[in-house]
2 protein chains.
Amino acid sequence: MTSFTEENYLKIIYKLSAETDSEISTNAVAELTQTKAASVTDMLRKLSEKQLVIYQKYQGVRLTKKGETVALKVIRKHRLWEVFLVDKLGFNWDEVHEIAEELEHINSDKLVQQLDEFLGFPQFDPHGDPIPDKHGRMPESAYKNLSEILINQEVVMMGVAQHSTNFLQYLAKIGLHLGVNIYIVEINDFDKSLTIKIEGSTQCFISYEVAKNLLVKSISMDED
Amino acid sequence: MTSFTEENYLKIIYKLSAETDSEISTNAVAELTQTKAASVTDMLRKLSEKQLVIYQKYQGVRLTKKGETVALKVIRKHRLWEVFLVDKLGFNWDEVHEIAEELEHINSDKLVQQLDEFLGFPQFDPHGDPIPDKHGRMPESAYKNLSEILINQEVVMMGVAQHSTNFLQYLAKIGLHLGVNIYIVEINDFDKSLTIKIEGSTQCFISYEVAKNLLVKSISMDED
DNA sequence: ATATTTTTTTAGATTTGTCTAAAATTGATT
DNA sequence: AATCAATTTTAGACAAATCTAAAAAAATAT
Ligand SMILES: [Mn+2]
Ligand SMILES: [Mn+2]
Ligand SMILES: [Mn+2]
Ligand SMILES: [Mn+2]
């Protein structure tokens with residue numbers, strides 16, 4: 001069995017692994033778990049004994065196949081619950097993450113299976129993040145960051161790469177929500193900031209930092 | 001804040017208090033929490049410091065108003081989640097208790113409120129137990145035990161007073177499920193065992209012990 | 001190649017919830 | 001009232017997850 005705490009460590013190591021393909025450092029884990037490096041060292045040794053990670057001291061850590069499976073299950077539950085909260089209970093997408101952090105540790109294969117079916121086997125969560133299927137396979141995400149899109153090419157807002165409440169509420173304020181059509185009017189050479197046109201709304205100005213965190217898909221792609 | 005563990009103690013003390021109106025003994029709590037008396041003593045002192053119970057050593061324990069409020073919130077969540085699992089996810093009523101034991105500790109007032117609304121503000125859980133409203137008020141349960149019903153008086157099966165998987169599966173086997181109409185054919189004077197007729201099924205023979213644990217309402221009562 | 005800084009690990013302590021074994025209290029029985 | 005039995009509490013220990021401070025190792029700069 002994996003405890004609540006162990007699951008959180010595994011999930012965080014999984015997410016860090018997606019960004020860098022080398023070993024994950026103790027400090028990087030400490031930052032995301034909001035603990036101190038000394039605590040991480042203890043936990044890594046423990047996870048290693050349980051064969052959930054490969055860890056040798058001073059060498060960083062990575063998940064074993066077994067550890068990855070656990071992490072994907074937790075991520076799957078997290079994202080399914082977020083869909084439930086938004087689609088069924090009427091939550092806003094900036095309100096669901098904290099609750100899903102608790103719900104993701106409820107253990108029952110049947111519960112996850114039935115919830116998935118009840119939600120209509122969603123492929124993406126309310127933030128546009130892909131939901132692993134029951135075998136841990138991620139759906140192909142054809143989304144790009146807005147920062148990679150060309151001027152005047154119309155795209156649909158599909159998700160965000162960063163989930164802080166601050167960021168989500170900023171998006172709400174400037175009128176950016178899932179499903180809205182947008183295109184880039186102008187890119188500022190100097191700092192890569194951009195002016196965009198939001199369908200049914202006025203133009204607005206966003207930083208490169210924001211554009212990097214917006215997931216969009218081309219309007220021409222098929223819709224199902 | 002109350003921890004997962006503290007909440008379980010409070011819930012158990014609440015349930016024991018409903019049966020006896022004197023102080024609850026350390027041993028009684030130990031039995032239901034599946035811990036040892038020594039552990040209970042420690043926890044009672046802690047709950048007492050937090051003003052959640054009235055406790056003096058060797059004198060037993062009872063809930064304060066504050067403790068009762070916490071207990072009722074946990075019970076409310078437990079029962080709402082059971083309704084969700086049965087009504088929305090298609091679980092059988094004998095499969096939901098363990099999962100609800102975990103879900104009942106998720107903390108979010110908005111979650112509970114929205115869930116309640118999503119389920120249509122149910123008054124009773126799948127086992128016929130009353131669901132406290134958001135102010136902690138229990139709906140009037142007009143149900144009686146089958147053991148108090150007269151011969152030939154038709155009643156509807158509304159719930160059970162005991163939730164063990166064993167018992168629920170026994171009921172399933174003899175064809176007793178929620179909503180079915182039954183009446184008592186004969187009561188055996190010697191041991192109070194009884195023969196009952198289940199609508200659309202054959203007669204069957206049940207012990208007094210079983211009858212005491214079946215909640216029913218008179219067929220004449222109004223239906224909404 | 002050494003010295004300095006940063007990162008990581010170890011050592012030892014703390015908190016929460018549990019346990020066993022022994023002591024204390026209560027309640028029941030002579 | 002004294003004894004015995006049952007219940008409850010205390011004392012001391014342990015596992016999980018965390019911390020701080022010090023030591024060790026690795027990375028970086030001189
Ligand atoms: Mn989330
Ligand atoms: Mn998400
Ligand atoms: Mn239950
Ligand atoms: Mn129930």
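Sequence lines set the chain letters: A, B, ... in the order given, protein chains first and strands last, and positions in each chain run from 1. Only heavy atoms go into these numbers, but all of them, side chains included; no hydrogens, no water, no symmetry mates.
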**Item:** Which residues share a side-chain hydrogen bond (donor to acceptor under 3.5 Å, both in side chains) with B:Lys65, sequence neighbours left out
**Value:** B:Glu68
Enumerate all atom pairs, one protein N or O and one N or O from nucleotides 20-22 of chain C, separated by less than 3.5 Å.
from: C:dT20; atom 1: OP2; to: B:Lys36; atom 2: NZ; distance (Å): 3.3

**Message:** I'd like to check the salt bridge (charged side-chain N to carboxylate O under 4.0 Å, His left out) partners of A:Lys50; sequence neighbours left out, ordered by chain and number.
**Reply:** A:Glu6
**Request:** Return the set of residues passing salt bridge (charged side-chain N to carboxylate O under 4.0 Å, His left out) with A:Lys110 (not counting sequence neighbours), or none when no residue passes.
**Result:** B:Glu95
**Message:** Using whole Å, what does the distance between atom P of nucleotide C:dA13 and atom CG of A:Asp42 come to?
**Reply:** 15 Å
**Asked** Would you call the rings of A:Phe118 and B:Phe118 parallel, tilted or perpendicular if under 30° counts as parallel and over 60° as perpendicular?
**Response** perpendicular
**Request:** Mind calculating the distance between CG (B:Leu44) and P (D:dT10) to the nearest angstrom?
**Result:** 11 Å
**Item:** Closest nucleotide among C:dT18, C:dT9, D:dC19 to the A:Ala37 side chain
**Value:** C:dT9
**Prompt:** What residues, two or more places apart in sequence or in another chain, satisfy side-chain hydrogen bond (donor to acceptor under 3.5 Å, both in side chains) together with B:Glu148?
**Reply:** B:Asn145
**Message:** B:Ser164: which residues meet the side-chain hydrogen bond (donor to acceptor under 3.5 Å, both in side chains) condition with it, sequence neighbours left out?
**Reply:** B:Gln162
**Request:** Mind listing the residues from residues 19-34 of chain A sitting with a heavy atom below 4.0 Å of DNA chain C? Number order is fine.
**Result:** A:Ser25, A:Thr26, A:Asn27
**Message:** Starting the side chain at C-beta, find the nucleotide from C:dC19, D:dT9, D:dC19 nearest to B:Thr41.
**Reply:** D:dT9
**Complete:** So the ring pair (Phe, Tyr, Trp, His ring centres under 6.0 Å) pairs with at least one residue in residues 3-46 of chain B (sequence neighbours excluded) are B:Phe4-B:His105
**Message:** A:Asp116: which residues meet the salt bridge (charged side-chain N to carboxylate O under 4.0 Å, His left out) condition with it, sequence neighbours left out?
**Reply:** A:Arg76
**Working for side-chain hydrogen bond (donor to acceptor under 3.5 Å, both in side chains), residues B:Asn107 and B:Lys77** = CA-CA 9 Å; B:Asn107 281 316; B:Lys77 287 185 280 181; 3.3 Å; yes
**Message:** Taking 4.0 Å as the cut-off, does a side-chain nitrogen or oxygen of B:Arg45 come that near to OP1 or OP2 on D:dT10?
**Reply:** yes
**Item:** B:Gln56 CD to D:dT10 C1', straight-line distance once rounded to whole Å
**Value:** 18 Å
**Request:** Would you list the pairs meeting side chain to side chain donor-acceptor pair (under 3.5 Å) in which at least one residue belongs to residues 17-30 of chain B, sequence neighbours left out?
**Result:** B:Glu23-B:Arg62
Contacts under 3.5 Å, N or O only, protein and nucleotides 23-29 of chain D:
from: D:dA25; atom 1: O4'; to: A:Tyr58; atom 2: OH; distance (Å): 3.3

**Request:** Would you kindly give the CE-to-P distance between B:Met43 and D:dT10, to the nearest whole Å?
**Result:** 16 Å
**Request:** With A:Met138 as reference, evaluate A:Asp129, A:Leu72, A:Asp133 under the side-chain contact (heavy atoms from CB on, under 4.5 Å) test and give the passing residue.
**Result:** A:Leu72
**Item:** Strand contacts (DNA chain D) in residues 1-10 of chain A, 4.0 angstrom heavy-atom criterion
**Value:** A:Ser3, A:Thr5, A:Tyr9
**Request:** For residues B:Val40 and B:Thr35, report the shortest heavy-atom separation together with the two atoms involved.
**Result:** CG2-OG1, 3.6 Å
**Request:** Hey, can you tell me if A:His97 and A:His163 have their rings parallel, tilted or perpendicular (30° and 60° cut-offs)?
**Result:** tilted
